[in-house]
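Note on naming: letters A, B, ... go to the chains in the order of the sequence lines (proteins, then strands), and numbering restarts at 1 for each one.
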There are 2 protein chains.
Amino acid sequence: MVEIAVGLAPVGRDTVQDRVYSELRRALIGGLFAPGQVLTIRQLADALLTSTMPVREALGRLIAEQALEALPNRSIRVPLVTLDRIEDLLRTRVLLEGEAMELAAQRMTPRLLDSIRTIMAEWEEMRLGGDPETVDREVTLNHAFHFEIYRACGSTILPPMIESLWLQSGPFTRAAIYAFAEAGAQDAARFHHDILNALAAGDGVAARAALVADISRPFAYLREKLGKEGVA
Amino acid sequence: MVEIAVGLAPVGRDTVQDRVYSELRRALIGGLFAPGQVLTIRQLADALLTSTMPVREALGRLIAEQALEALPNRSIRVPLVTLDRIEDLLRTRVLLEGEAMELAAQRMTPRLLDSIRTIMAEWEEMRLGGDPETVDREVTLNHAFHFEIYRACGSTILPPMIESLWLQSGPFTRAAIYAFAEAGAQDAARFHHDILNALAAGDGVAARAALVADISRPFAYLREKLGKEGVA
DNA sequence: ATGTTTGATCTGTGATCACACTTGATTTGA
DNA sequence: TCAAATCAAGTGTGATCACAGATCAAACAT
């Protein structure tokens, strides 16, 4: 058989389970669920207007990815936020995302750089608007900015692992985003610009350093806040 | 209510799904499934003497962990082995396991060291026996040796991620183990001794180096073998 | 001989039901 | 008055069934 239509993308299935999974994942990364919140299958099925079957399988996947926690009671909850866990997450994210960033810097192409700049531009415009309603979109764009880079690292293993870390960070990054809405806006933008410049120069070490600064910022804030209040 | 029987361990549930999951995981790490092999729910359910329900949920978890692959055909298979994938896995394992090892070296206790030595002793005795029947037990002990260390690293995030990498490495490490049964036995033993000595000395850098040598060995062999034969 | 259609079989997906267990409030007992 | 027993509502788990899509071979048409 001759090769036809090489430019087409694979169509990909669209099962109910996948939609439920994507929706829950979006909600987790966006911080719509509170740490410690218990999720029940039937309640989610009602909210999502489906039956319990797709929900329980999606929850099973999220538990396997450490994004949710299965208690011995058989109940399912969003993991708690503790000081230890924050340190742990930050350290692991620096390790993996730093590596992915440095690898990506060595394989950067003008085309990819353009794509990243486009996302960055939209993100910055939104931040300047200062509309609190757009925080969801902001989270999405921030996610897109980082993973557009990580996908360029040449590894098929690293990006899914980093996604898992974002999923675990999700429940308490939103708090930090809100808090930094004014105070840290220019900082975050500066870090992203630093990353972009380093990538354009092909300087992996500088890109890694800028990234570490970028993701350490909200964690440092949370650490300080939790240190005063105890667990949230 | 008064506190009674404080010394008891939590009983922990034992669902059919968990047993299926453990069994599949064991089979994958032990290399019982061939790369590219297609797994069907009903066939596994028959083999495991259960219904399809627990099997499909267990498969869903394994897919979420990247241990299995969901094709657009809706069929499920063990991921293929390619040269790129081998390089990718090795690089990521060195990154994560090296970090875990260095962290563990800084938190090592005499009690844990003893526990590791016990595993090591049993493993070495089995290797000296040279019985090809015991390769399953050998794989299990090798796993126990490494993860007894990784659990000591103080992170709750790192070990599950490393488990996921072992799961992905499983389908083609067995080939390497067989090949090294005679040729590399003393090498592997030496690396494990190096690791143990470094841990006892609290020397994280040396422990990391010994570990990298340990896990690079079978990968190097596979790389060479695949380079000659093409994909397996 | 090549390409198309057809049909039987097998696959994952989702819905529904029964069951065992947890949980929390209510009732019962001393 | 307080602790223990009880009961009802709600939970995840597993089995079973119905269905749409995939697969592959044989029959057919070009």
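For A/R56 against D/dG14, a side-chain N or O and a base N or O form a donor-acceptor pair under 3.5 Å. Side-chain atoms of A/R74 stay outside donor-acceptor range of the base of D/dG10, with no qualifying N/O pair under 3.5 Å.
At whole-Å resolution of the value, CD in B/E57 and P in D/dA15 are 11 Å apart. At whole-Å resolution of the value, CG in B/D14 and P in C/dC21 are 12 Å apart. Remark: C1' of D/dT23 and CG of B/L71 are 14 Å apart, rounded to the nearest angstrom. Taking atom CG of B/L59 as the reference point, atom P of C/dG12 lies 8 Å away to the nearest angstrom. Here the C1' atom of nucleotide D/dT16 and the CE atom of A/M53 are 12 Å apart, to the nearest Å. Rounding to whole angstrom units, CD1 of residue A/I63 and C1' of D/dT13 are separated by 13 Å.
Between A/H143 and A/W166, the ring planes lie perpendicular to each other; the angle is over 60°, past the 30° to 60° tilted range. The aromatic rings of B/H146 and B/H192 sit perpendicular, their planes meeting at an angle over 60°, well past the 30° parallel limit.
Sorted by residue number, the members of residues 38-48 of chain A with any non-hydrogen atom under 4.0 Å from DNA chain D read A/L39, A/T40, A/I41, A/R42.
Residues A/L44 and A/L24 are in side-chain contact: their nearest non-hydrogen atoms beyond the backbone lie under 4.5 Å apart.
Within 4.0 Å of B/Q17, counting heavy atoms only, lie sugar-phosphate atoms of the nucleic acid but no base atom. Residue contacts for A/T52: at a heavy-atom cut-off of 4.0 Å it reaches a base atom on one of the strands shown.
The residues A/D214 and A/R217 are annotated as not salt-bridged, no charged nitrogen and carboxylate oxygen being separated by less than 4.0 angstrom.
Of all the heavy atoms in B/T156 and A/D88, the pair that sits closest is N-OD2, 2.8 Å. Minimum interatomic distance between A/G154 and A/R107 (heavy atoms only, all atoms of both residues): CA-NH1, 3.5 Å.
Between A/N73 and the phosphate of C/dT23, there is a side-chain N or O to OP1/OP2 separation shorter than 4.0 Å.
Counting only residues at least two apart or on different chains, the salt bridge (charged side-chain N to carboxylate O under 4.0 Å, His left out) pairs with a member in residues 64-79 of chain B are B/R25-B/E65, B/E69-B/R77.
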